[in-house]
Structure formats: C-alpha cells, structure tokens
There are 4 protein chains.
Amino acid sequence: MKKADKHQKILVAATKVFGSKGFFSARISDIAKEAKVADGTIYLYFHNKYDILLTLFEEEIAKLIVDIKAALAQEEDPRRKLYIFALHHLKLVIEKKELAEVLQMELRQSSDSVKEYRITKFVDYVNIISGIIHQGQKSGIFRPELKPGIIKRAFFGALDEMSRLWILNSDHSYTIDDTADEISSIFLNGISLPA
Amino acid sequence: MKKADKHQKILVAATKVFGSKGFFSARISDIAKEAKVADGTIYLYFHNKYDILLTLFEEEIAKLIVDIKAALAQEEDPRRKLYIFALHHLKLVIEKKELAEVLQMELRQSSDSVKEYRITKFVDYVNIISGIIHQGQKSGIFRPELKPGIIKRAFFGALDEMSRLWILNSDHSYTIDDTADEISSIFLNGISLPA
Amino acid sequence: MKKADKHQKILVAATKVFGSKGFFSARISDIAKEAKVADGTIYLYFHNKYDILLTLFEEEIAKLIVDIKAALAQEEDPRRKLYIFALHHLKLVIEKKELAEVLQMELRQSSDSVKEYRITKFVDYVNIISGIIHQGQKSGIFRPELKPGIIKRAFFGALDEMSRLWILNSDHSYTIDDTADEISSIFLNGISLPA
Amino acid sequence: MKKADKHQKILVAATKVFGSKGFFSARISDIAKEAKVADGTIYLYFHNKYDILLTLFEEEIAKLIVDIKAALAQEEDPRRKLYIFALHHLKLVIEKKELAEVLQMELRQSSDSVKEYRITKFVDYVNIISGIIHQGQKSGIFRPELKPGIIKRAFFGALDEMSRLWILNSDHSYTIDDTADEISSIFLNGISLPA
DNA sequence: AATGAATGAGGATTCATTCAT
DNA sequence: TATGAATGAATCCTCATTCAT
C-alpha cells in the first residue's frame, strides 16, 4: 500500500469515527481500529488528533468546492445555480454522512484554530453562495437591496439545518431533490424581483 | 442562600463556561470557580457533568418557549408572528451569548442522550415555527402545498446560521431588527401566496 | 495529614525511587506506590516528574548547606574545616543513600534546566569549599598560588568519587571517618604551606 | 563499506548523541540519522539500545587503557606516571568530549547491567592508578600507610570532577597541562614521603 | 450542606524494535 | 545487507467523581 493510500485510509476512518462519536469522544484507537492500522501509525501521517480533524476539513471541503464549482460552471441562470448548490450540499449529506456530521458538529467548535480555519476554506465554500447572489443582482434577477452577506448565511443555514434533520432522523419523508427544490424555491421567491 | 439559588448559580456559570470552551473542553473546576463554589458542591446539585448540560437546555429552552409564546400571543397575523419569532431568537443570541453558543455547539453533539433530549424540548421550540406556518396555511396566507416540516427547519436553520455569524464575529454590520426583518421577509416572500 | 506532610512524603518516596532506578527508569506510579498515594495526588504537589527532581535537589541541598555551615561555624582552623566538610559529605552518603544516588546520577544529566539549576544551589554548596580554601590562604596556612576554583572541584570530585564507591559497593572496607581523614589529609598535605 | 566500518560509524554517532542528550533522552533515530544509516540497520549490529552503550564503554575504555599504558611504559618515576595519567585523562575530555560526557553521565546510572560492567572494564582503567600508587609505595616514594584503594578513587574523582567542569563550562580559564599539573602535585604532595 | 484533597481510570503520544521489501 | 514503515507496549498526565472532615 502506498503512503498516500494509508493517509487516505486514516482520514476515511476518522471521518467515520468523528461522525459517529464526535471529535472529543472519538479515541485514536477507534480510528486506528477502523483504519486497520496500529495506533502509532496514525502519528506517522498526522501530528496529533486535532491535525486529523483539520486535514479532514481541508481536503474534503476543497474537494467539495471543486465539485460544486464544476457543476455550477455548466449553468448560467443564477436561480438554477442556487438550486444546484442546494442539491449538491444536500447530496453530500447523504453520500458522506460522516463528513457531514463532522461538519455539523465540529465546525461549531469554538477552538481558535478551527475558527481561524473557518475564515479560510469554509468561508470559500459559503462565499460561492454570495457569488451567485451577486451575479443574480447584477443580472437584475435578484432584488438589489438584499445584502449578499446575509443571504448567503441564511441560505447556508437553511440547508445546514435540513442536513441536521437528515442526519439525526433515520426515516426521511422527503427526497433530496424535493428538499433542494423547496428550499431554493422559498429563497428564490424571497429574493427574486417580480418578473 | 437557598438551595435553588445555588442550583441556578451553577447553571449560570456552566452556561458561561460551556459557551466559551465548549462542553468537552470545559472543566468541572472551571464551572465551580465561575460559580464560586467547591468542585464537590456541584455534585450535590447535579448527577454529573452531562447532567448540567441537559438541565441547562431543559431550563433555558423552557424559559425561551414561554417568552416566545407570550410574545406571539399578542399577535394574530402569522406573517408578523414569523417576524416576532425571528426577532426573539436573534435577541437571545445577543442577550445570552453563552447559551446561544452552547446551543450552537453542543446541540450538534451526536451523543445519544442529547439526540434523545432533542426530540422533546428542543423540538417543542422549533415546532412553534411549524405551528405558525400551519396557521398561515389555514388562514390562506401561506402556500398550502409547502410542508411545514421542511419550512420550520429551513427557517430555524437560517436564523441559527445568522446567530453563528454573530457569535463568531465581533463586529456586526447589521442590527438584529434588520436581520430579523430581512430573513423573515425572504421567507415570507418565499412562502406567501400572491395577494 | 497536613499538606506539607504529603509533599514531603512524596519527596522521600521519590528520593528512594530515583535512587534505586534512576530518574528516567523511575515511574510516577513507582513513586506513588512508595509514597502510598494515588498517582494523581503527585500532581497536586508537583507540576511534573521533572519538577520532583528539581525540588528534591533544591530542598535537600539547601538543608545540607545549612547543616554543613552550622558545623563549620564551630570551627576556626581551615584545615579542620576541610575535614569537617569531607566528613559531612560522606556522612550524607551513608545516611541518605538514595539522595546521594540521585546526586550521583542526576546531577550529571545534561538537561539545560538542571545545568541551570547547578549554577545556583549546587554551586553554593561546592563554593563552601573554595571559601575554606580562600580563608586558609588569607591566614597563610594554604599555599597562596593555588587556584581555589580548581581545588574546590578536585576536592569535591575526590569526595564524590568516594561516595560512588560506597554507593555501588555493599561491603565497605573503610569507615567514613577514616576516609574523610585520609582524603582531607592528602589534600591538606597537598595544599598546605610547609610549617 | 566493510561491516566493521558501519559498526564503528554507529558507535561514533552514538557517542555524539549520548553525549549531547544523555542515554535516555537519545533516540535510536537520532543515532541512525547521525550515522547516516536507517534505524533498522542499527539492529543488525547491536542487540538493542543498551548494547550500544555497553559496547561504547567496552571499546573506548579498552582503547584508552592501551593508550595510557603505552604512555606510562615510557616512564619510570611513579610521580611522573601520576602526572601522565592525569594529563591523558584530561586530554580525553578535550579530544573526545562526547565520550567523556557519556562517561560522566551514564557511568552513574545504577542499572544493574552497568554496575556489573563497571567491575570489569572500567575498574581496569581506575586500577592503573592504584598500580602506580602501589609501585610508588614499593619504591619508597609514597607513604606506605596509605590505602591504594582509597587514593585511586580520590584521584580519579578529582580528575573526573575537573572534567565535569570542562564539559559544562564553555570558557576554560585553565589549560589542561596546568590543571593536570596542579591536581597531580596536590596529590603528590599529599601522598609522598618527605624527601 | 459545603469543602477540596484525594483518587484512579482512561487516553494521547512516543519510540524501541520488527519485518516485509 | 539495508531500509524505514509499521507496530503496540508503555507511561505521563488529566480530570470527573468521591468522601472524610
């Protein structure tokens, strides 16, 4: 197994373990067992437990940004773009339940280093939304008086809370597409100029 | 000092400490010092560290529900009610920054006992929103095809994310009233039937 | 048991354990067991394992300095003083075998903090010797051309090496008094001016 | 590279590393890096970390004994011999600072295997001194009532302490020759019969 | 009821040693 | 022979909880 593979294997295991027990309750030995490596091996790839969490965010959010930007590039209409963002975000929740849980829980951690982190990678992600809003305002589709800084937060928050619903409830009454559709249409109705 | 007072004093201290360091990083001795009692005294009022967190939610959210319901009772119009809910929720963030932080962070903890708890008290709180939506749909003000279960989550999530913005940023460009207004109007535009 | 007592009890235990296994091989749990306290209790009195060692030196050498100075105060003749110093030093080896072993072993540790320490407390101790030499030179008893800085080291080294002999060998062919006498007389012959 | 060369290279590296960090704080990987071999390679030449230390003593002290005996063979006078021994010992400190540090520190370790070792090789070294004393007593130069067993220890101790001075202090006020001269003359004055 | 010293279980991390390549 | 990634036993230290006073 190549070096990069083991690095990845540990991250995958950590995502799962952090997701199910939370960062603090997760034990290094849990991650090691899940990754089928020795405890000590983890320290060949990461400085410490916290470094695993940080790397997790860095790598996964980076991937997510790439994916979403690729999907958005196919589309012109800011209204459609908002829907696509919602859809992607919610899809992530289903496909990478564990990462979503980590995002859910750990992103709220108040430790300074995470806060610092947030203002880099995570903010890039959320700023995709304000970019869409901005574009829509320039095209005369969205109401010009709205502050993109507020909308992006509200939109992200709405999606995020929906994710929480999915993560915590096992039986899902609604499909992703329906939910993405419903949330984006509420927002679109809310922020669009009358035709 | 009466028994109830010390119980309360510890909860106030715990709110502050959990808020600033998070549940796991908070030490019982931190809370004891903040409450100006001995470490051991805490165990005369609470079973364990976790019990403090649970009690905190129970008591504080209960109070919050009472407050909000009182405010809503003054109002008939579901559209106004939604604005009032938003305003109250955001006001809480300012007035009880620490509790809001605890809500922000710990509510996301996936530990089973919290999950269990959420389906009681916290859900009551969020259900106030779906009650408003429902009422609005019955009165023919809100679009009848929308699922209150989704709307309530989206609305709460939007508010919650705005709170996060406030908690983590020190300088606030927008006022609470503006934000409550903007968010509720997006939603109201989004979910209202055309007049 | 009073607080100071437990502090002392731990130091006594540490002296014994460090003495028999050396600092690095000694386990905190060994010291705790020897002191009949819980492992954690040690950390109520000391910052860490290293702090125990440092405190040990500080307290024991301080006591030793007091004792030796008291004994020297009774005496005028620098020649007698040197003998008294030798006698006290060697007596310490017998009476506090463990501390002597710690001194033997750990004082040689090259860690910076110990080195730093040495230039304070331990140097005070050894400087008692150069004080005696100096006094003897002023009184015209010791050869004036000798450097007290060298003599003190040589004399201490000779005593120290004799201690090592005692500590490592179980059967002692010579008595302390004989040894103190022999070593001090070699030095006295070596450094005295012809009568 | 021949087998013996790598064996030697590791010992040289170990001398340096043990000397600067002490045996316990030295890491196998430090030695490996210093010797420019892989960690695992060390185990092809030594059984374990401890075996390196033992071999170090064995080989280096053996060399030292050969050197000193060669130098002493040139000389008849026991008084000159003592001076030569002192000079050689102190020269070692300058030339092989690291080995001297190892001697300084690790020789004091009380671990049983080292203690055992000491009674073989190291004792041979120190016994060179008692041999000189004995010879001097037979020749009627040194006082016959002195116990060579004590003198050898005291002399070695004095030299050893002087080494410590050199190793720990960077600026050396005295030259080796001066120091060797001063120490051996103190002893010679101390142990010689009046002419 | 209140205290805070004492407890000891638990876990992150290190590093000597092994072993597949 | 040589490598260095992998191992996992070992240990310092933390801190929730207890309990004698």
Side-chain angles (χ1 to χ4, degrees), chain A residues 1-3 5-7 10 24-33 35-52, chain B residues 1-3 5-7 10 24-33 35-52, chain C residues 1-3 5-7 10 24-33 35-52, chain D residues 1-3 6-7 10 23-33 35-52:
Chain A
M1 178 175 290
K2 273 176 294 180
K3 192 176 163 136
D5 288 346
K6 199 156 282 187
H7 177 98
I10 293 167
F24 286 104
S25 300
R27 303 292 147 229
I28 286 291
S29 57
D30 296 333
I31 299 174
K33 195 179 291 173
K36 283 176 188 146
V37 298
D39 290 20
T41 304
I42 290 180
Y43 291 87
L44 297 175
Y45 296 92
F46 300 92
H47 295 306
N48 50 41
K49 192 183 167 187
Y50 205 71
D51 186 35
I52 305 176
Chain B
M1 180 178 285
K2 273 175 296 178
K3 188 176 164 139
D5 287 346
K6 198 157 281 186
H7 177 98
I10 294 168
F24 285 104
S25 299
R27 304 292 150 229
I28 285 290
S29 59
D30 296 333
I31 299 174
K33 193 180 290 173
K36 285 175 187 149
V37 298
D39 291 21
T41 305
I42 289 180
Y43 289 85
L44 298 175
Y45 295 92
F46 300 92
H47 295 305
N48 51 41
K49 190 183 170 186
Y50 208 73
D51 186 35
I52 305 175
Chain C
M1 177 176 288
K2 271 177 296 178
K3 190 174 165 141
D5 288 346
K6 198 155 285 184
H7 177 99
I10 293 168
F24 286 105
S25 299
R27 302 292 148 231
I28 285 292
S29 58
D30 296 334
I31 299 173
K33 197 178 289 174
K36 284 177 188 146
V37 298
D39 291 21
T41 304
I42 290 180
Y43 291 88
L44 296 176
Y45 296 91
F46 301 92
H47 295 305
N48 51 43
K49 192 183 167 187
Y50 205 71
D51 186 36
I52 304 175
Chain D
M1 180 178 286
K2 273 177 295 181
K3 186 175 165 135
K6 198 157 283 187
H7 177 97
I10 293 168
F23 176 72
F24 284 103
S25 300
R27 304 292 150 230
I28 286 291
S29 59
D30 296 333
I31 300 174
K33 194 179 291 176
K36 285 176 187 150
V37 299
D39 291 20
T41 305
I42 290 180
Y43 289 85
L44 298 174
Y45 294 91
F46 300 91
H47 294 305
N48 52 41
K49 190 183 169 186
Y50 208 73
D51 185 35
I52 304 175

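Treat the numbers as computed from the prediction; the structure is a model and nothing was measured. Chain letters run A, B, ... following the sequence lines, proteins first, then strands; residues in each count from 1.
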Exercise. Nearest-nucleotide wise, let me know which of C/Ile28 and B/Tyr43 is further upstream toward the 5' end of DNA chain F.
Key: C/Ile28
Exercise. On the 0 to 90° scale, with breaks at 30° and 60°, tag the A/Phe24-B/Phe24 ring pair as parallel, tilted or perpendicular.
Key: parallel
Exercise. Any strand is fair game: report the nucleotide pairing with E/dA9 by Watson-Crick or G-U wobble, both distances under 3.5 Å, or none.
Key: F/dT14
Self-check item: Pairwise 5' ranking along DNA chain F for A/Lys36 and C/His47, keeping only the more 5' one
Solution: A/Lys36
Practice problem: Tell which nucleotide pairs with E/dA16, taking only Watson-Crick or G-U wobble pairs whose two distances are both under 3.5 angstrom. | Solution: F/dT7
Quiz prompt | side-chain contact (heavy atoms from CB on, under 4.5 Å) between C/Arg27 and C/Lys49, worked out | solution = CA-CA 9 Å; C/Arg27 302 292 148 231; C/Lys49 192 183 167 187; 4.0 Å; yes
Practice problem: Just do the side-chain contact (heavy atoms from CB on, under 4.5 Å) check on D/Ile28 and D/Tyr43 with the steps written out, would you? | Solution: CA-CA 10 Å; D/Ile28 286 291; D/Tyr43 289 85; 3.6 Å; yes
Practice problem: Measure the distance from NZ on D/Lys33 to P on E/dC15 and round it to the nearest whole Å. | Solution: 12 Å
Quiz item: The side chain of B/Leu44 lies closest to which of these nucleotides: E/dA2, F/dA16, F/dT3?
Solution: E/dA2
Quiz prompt | Spacing between D/Phe24 atom CZ and E/dA16 atom P, to the nearest angstrom | solution = 11 Å
Quiz item: Closest to the A/Thr41 side chain: E/dA12, F/dT7, E/dG4?
Solution: F/dT7
Quiz item: Would you say the ring centroid of D/Phe23 lies under 6.0 angstrom from that of D/Tyr50?
Solution: yes
Quiz prompt | Earlier contact from the 5' end, DNA chain E, for D/Ala26 and A/Lys49 | solution = A/Lys49
Quiz item: Over how many whole Å does the gap from B/Tyr50 atom OH to F/dC15 atom P extend?
Solution: 19 Å
Self-check item: 5' precedence on DNA chain E between B/Ala38 and D/Asp39 (nearest-nucleotide basis)
Solution: B/Ala38
Quiz item: Within this structure, what is the CZ-to-P distance between A/Phe46 and E/dT14, rounded to whole angstrom?
Solution: 15 Å
Practice problem: Would you kindly give the NE2-to-P distance between B/His7 and E/dA2, to the nearest whole Å? | Solution: 13 Å
Exercise. Taking only the side-chain heavy atoms of B/Asn48 (C-beta and beyond), determine which of F/dT17, F/dT7, E/dT17 contains the nearest atom.
Key: F/dT17
Exercise. For the side chain of B/Arg27, starting at C-beta, report the closest nucleotide among F/dA2, E/dG11, F/dC15.
Key: F/dC15
Quiz item: Any idea which heavy atoms bring D/Ser25 and D/Asp30 closest together, and the distance?
Solution: O-OD2, 4.3 Å
Practice problem: Give the rounded distance in Å between these two atoms: CD1 of B/Ile42 and C1' of E/dA1. | Solution: 15 Å
Practice problem: Any strand is fair game: report the nucleotide pairing with E/dA1 by Watson-Crick or G-U wobble, both distances under 3.5 Å, or none. | Solution: none
Quiz item: Which whole-number value in Å describes the distance from C/Asp51 CG to F/dC12 P?
Solution: 15 Å
Quiz prompt | Separation of F/dC15 C1' from B/Ile31 CD1 (nearest whole Å) | solution = 12 Å
